[in-house]
Amino acid sequence: MVSTGSAATGSLIGLALGDALGFPTEFNDVPSILAKCGPWRQMALPQPAFVTDDTQMTLALGRGLRTAMGHGALTPLALAGPVRAEYVDWWRSPDNNRAPGNTCLRACQLLSDEDRPWAEASQTGSKGCGANMRVAPVGLAPGLSPQQRSGAAQLQSALTHGHPTALAASDLTAHAVRVLADGARPAELTGLLRAHAHDHRTDYREDWLGDLWQHAQDPSPTAFIARGWDDCLGVLDRLDAALGAPDPEADPPPDSVRGCPQPGHRSRLDRGGGAGHRPAVLPALSRRAADRAAPGRLHLRRLRLDRLPDGRLRGRPPGMSEHLTAAGRDAVLRAAGLPAVDLAAVVAEQDDPLVFATVSGAHLYGFPSRDSDVDLRGAHLLPAAALVGLHEPEETRTRMWDRDTVEMDLVSHDLRKFARLLLRRNGYVLEQLLSPLVVHTTDVHKELIALAPDLLTAHHAHHYRGFATTQWRLFEKTGELKPLLYTLRVLLTGIHLMASGRLQPHLPTLVGELAAPAYVPELIAAKEAAEHGPAGEVVDTARLRTDVEALYARLDAAQAATALPEAPGARDALHDLIVRARLAGPEAPSAER
């Protein structure tokens, strides 16, 4: 299991180690680094190893955040005082001799005047990396609502770096840390970040930032904050381009990474400038990659995709809202190509009762391969005692292991956290909730399903558009079937959702219900035989590019015309459901066997 605590420990230790590794190269150009340190892959951690001001200020923020949260609910007033005091203490510390940036020094000097409002100390002309490098504790802090996490990330930045890009970048990095700690896959990250940026592009958090925008030159608070989010969206475009054609030996152009975490590893050492660019998301990415690299990729039973007379494919799962008996559910799992492994035993092994467990990933999307793993997703119910004491609850549990020669990947959230994710307009958790590939269900699961229509919004199009962009960039790099099918699947799912108000993740079904490229069934059949096979044997890239661009245009048009609301409903109903389930005790989910 990977708990919130271990995610926090790994992220912060990884940040400090990367900081110490890069410190000796600070302000050196590439020739100087090579002359002093030799080949970058053979660089050893210095002895002794010193961190820079980035780690020092990360710890300062963490201490201030801990103090603020120790006094009750996190509010702007509760956070500003302790974090301001920690920043000033850092500024006064004799250990503050690690080449700190002038922005932090100037702002902290002004903050040391206790009578000065913090907004007057904020450097609104600086969008430097300092605020972004230290924000990891906000992403890792448990129990915060999305609004609290966003507000806290922006406020901790605003105390020193008040430029709207600094605010938005800090918010975005805290969100990245949070979704990775919650179990998001690295391949999903840029799509999730893009959706977050679009969702909040015009949200000026006046309750956290006060009149900060008036210290800049923008005509309105909306224009002020949109300027920062637009910068971040531009960086995400360049990040997708860099990930589409990575070169581990080349130093990326400065304007492709300035002011944001750099995508390459060597570039963190070969940059003439600060020792920054070591965000805490990297240890989380590395840990997940290591977990996935266990030996012996396993082969699952083949999914047969036999043609029906009308050209459709067999093996499609039933509709997303259907409820079946236990025997019926098992039949659906087998038809979708799931291996003959005892998934009920997996459910029984969990420490806390599961509200539901479903299969997601390629089996849900309708294009599993022989070596596809089994992606189990769900929600569990922690006992009330786990939430009211001093110990931090383990709200998210992740596990990867082999069972009966099958590779398993389990991610489960406590019911309260799962409900919060539903309200964030995240298509993945809705797909998991509504998946017809049901391993375990309860009465609470059925109530959640009944609330799902009120959680669908027009903004879910941002989620699917962002993920499609990430997967298309990956396809352009590799030419492989898997990212191409993911691209087509998420675009068609988004179009279908905007047009019909119904969520359909199953690609063969989408092909039957929407106008889709005629070669999709051939792509699915090819991927069944080879997970990482080339798409070029089925269709040429020029045609693909034309078809994908057309799907993007259709998604844009469908979103513009959709009848879906701008914001999710059902918040009060979700709250009532969580309270009832929690107070009923550990046996509350009332499982169906």
Side-chain angles (χ1 to χ4, degrees), residues 11 15 18-19 53-54 57-58 61 83 87 101 103-104 107 122-140 146 149-180 189-205 208-209 212-213 216 218 221-243 252 254-263 267-268 271 273-282 284-285 466:
S11 292
L15 184 148
D19 197 14
D53 56 303
D54 290 336
M57 292 208 74
T58 299
L61 173 59
V83 173
Y87 287 178
T103 296
C104 282
S122 182
Q123 304 296 289
T124 57
S126 175
K127 54 180 177 180
C129 293
N132 198 35
M133 292 299 99
R134 68 190 183 220
V135 76
V138 176
L140 294 166
R149 200 175 308 280
S150 173
Q154 294 194 28
L155 177 55
Q156 70 81 30
S157 170
L159 290 176
T160 55
H161 299 71
H163 193 286
T165 301
L167 307 181
S170 294
D171 189 333
L172 205 59
T173 298
H175 183 64
V177 172
R178 182 69 259 160
V179 297
L180 286 171
L189 188 57
T190 55
L192 294 174
L193 297 184
R194 192 180 300 278
H196 184 76
H198 279 294
D199 286 347
H200 299 291
R201 179 179 174 273
T202 57
D203 293 344
Y204 180 78
R205 305 198 176 280
W208 291 85
L209 301 176
L212 177 67
W213 72 274
D218 300 88
T222 298
F224 170 80
I225 198 63
R227 181 156 56 96
W229 284 113
D230 287 344
D231 264 359
C232 288
L233 286 166
V235 168
L236 287 173
D237 289 340
R238 295 194 292 274
L239 177 60
D240 279 331
L243 293 174
D255 64 354
S256 72
V257 292
R258 182 177 292 121
C260 70
Q262 299 180 15
S267 61
R268 297 202 306 275
R271 174 73 50 216
H277 310 292
R278 286 169 300 276
V281 298
L282 289 176
L285 291 171

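The figures here come from the full heavy-atom set of this structure, side chains too, leaving out hydrogens, waters and symmetry mates.
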Participant: Test side-chain contact (heavy atoms from CB on, under 4.5 Å) on His161 and Cys104 and set out the steps.
Facilitator: CA-CA 8 Å; His161 299 71; Cys104 282; 3.4 Å; yes
Participant: Whether the side chain of Arg201 engages the backbone of Ala226 through a donor-acceptor N/O pair (distance < 3.5 Å, no angle test) should be reported.
Facilitator: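 Absent.
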Participant: For the SG atom of Cys232 and the CG atom of Asp237, what is their distance to the nearest 0.5 Å?
Facilitator: 11.5 Å
Participant: Is a donor from one side chain sitting under 3.5 angstrom from an acceptor on the other, for Asp171 and His196?
Facilitator: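 Short answer, yes.
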Participant: Report the C-alpha separation of Thr160 and Arg134 in whole Å, then their side-chain angles, then the decisive distance to 0.1 Å, and conclude whether the side-chain contact (heavy atoms from CB on, under 4.5 Å) test is met.
Facilitator: CA-CA 12 Å; Thr160 55; Arg134 68 190 183 220; 2.6 Å; yes
Participant: Enter the distance from Asp231:CG to Leu236:CG here, rounded to the nearest 0.5 Å.
Facilitator: 11.0 Å
Participant: Measure the spacing between NE2 of His198 and CG of Leu193 and express it to the nearest 0.5 Å.
Facilitator: 11.5 Å
Participant: Give a yes or no answer on whether the side chain of Gln156 reaches the backbone of Ala131 with a donor-acceptor pair at less than 3.5 Å.
Facilitator: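 Yes; judged by distance alone, with no hydrogens or angles, the pair exists.
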Participant: Students often mix this up, so state it plainly: with edges at 30° and 60°, are the rings of His200 and Trp229 parallel, tilted or perpendicular?
Facilitator: tilted
Participant: Carefully, step by step, assess Asp19 and Met133 under the rule side-chain contact (heavy atoms from CB on, under 4.5 Å).
Facilitator: CA-CA 10 Å; Asp19 197 14; Met133 292 299 99; over 6 Å; no
Participant: Once rounded to the nearest 0.5 Å, what's the spacing between atom CG of Leu180 and atom OG of Ser11?
Facilitator: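 Going from CG on Leu180 over to OG on Ser11, the span is 8.0 Å.
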Participant: Shortest non-hydrogen contact from Gln123 to Ala107?
Facilitator: CG-CB, 4.0 Å
Participant: Would you find a donor on one side and an acceptor on the other, under 3.5 Å apart, between the side chain of Ser170 and the backbone of Val135?
Facilitator: no
Participant: About how many Å separate OG1 of Thr190 and CG of Leu239, when rounded to the nearest 0.5 Å?
Facilitator: 6.5 Å
Participant: Please give me the minimum heavy-atom distance between Arg227 and Ala216, naming the atom from each residue.
Facilitator: NH2-CB, 4.3 Å
Participant: Is a side-chain N or O of Tyr204 found less than 3.5 angstrom from the main chain of Trp213, in a donor-acceptor match?
Facilitator: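 Yes, Tyr204 side chain to Trp213 backbone: donor-acceptor pair under 3.5 Å.
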Participant: If you look at every heavy atom in Leu233 and Ala197, which pair is closest and at what distance?
Facilitator: CD2-CB, 3.6 Å
Participant: Could you tell me the separation between the CD1 atom of Ile225 and the CG atom of Leu167, rounded to the nearest 0.5 Å?
Facilitator: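 Nearest 0.5 Å value for the CD1-CG distance: 5.0 Å.
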Participant: Would a 4.5 Å heavy-atom cut-off, applied to side chains only, mark Ser157 and Asn132 as touching?
Facilitator: no
Participant: Give me the atom names and distance for the closest heavy-atom approach of Gly162 to Leu212.
Facilitator: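 That would be O-CD2, 4.0 Å.
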Participant: Passes side-chain contact (heavy atoms from CB on, under 4.5 Å), Leu140 versus Val177? Steps please.
Facilitator: CA-CA 7 Å; Leu140 294 166; Val177 172; 3.5 Å; yes
Participant: Ignoring hydrogens and angles, tell me if any N or O in the side chain of Arg149 forms a donor-acceptor pair with the backbone of Val138 under 3.5 Å.
Facilitator: yes
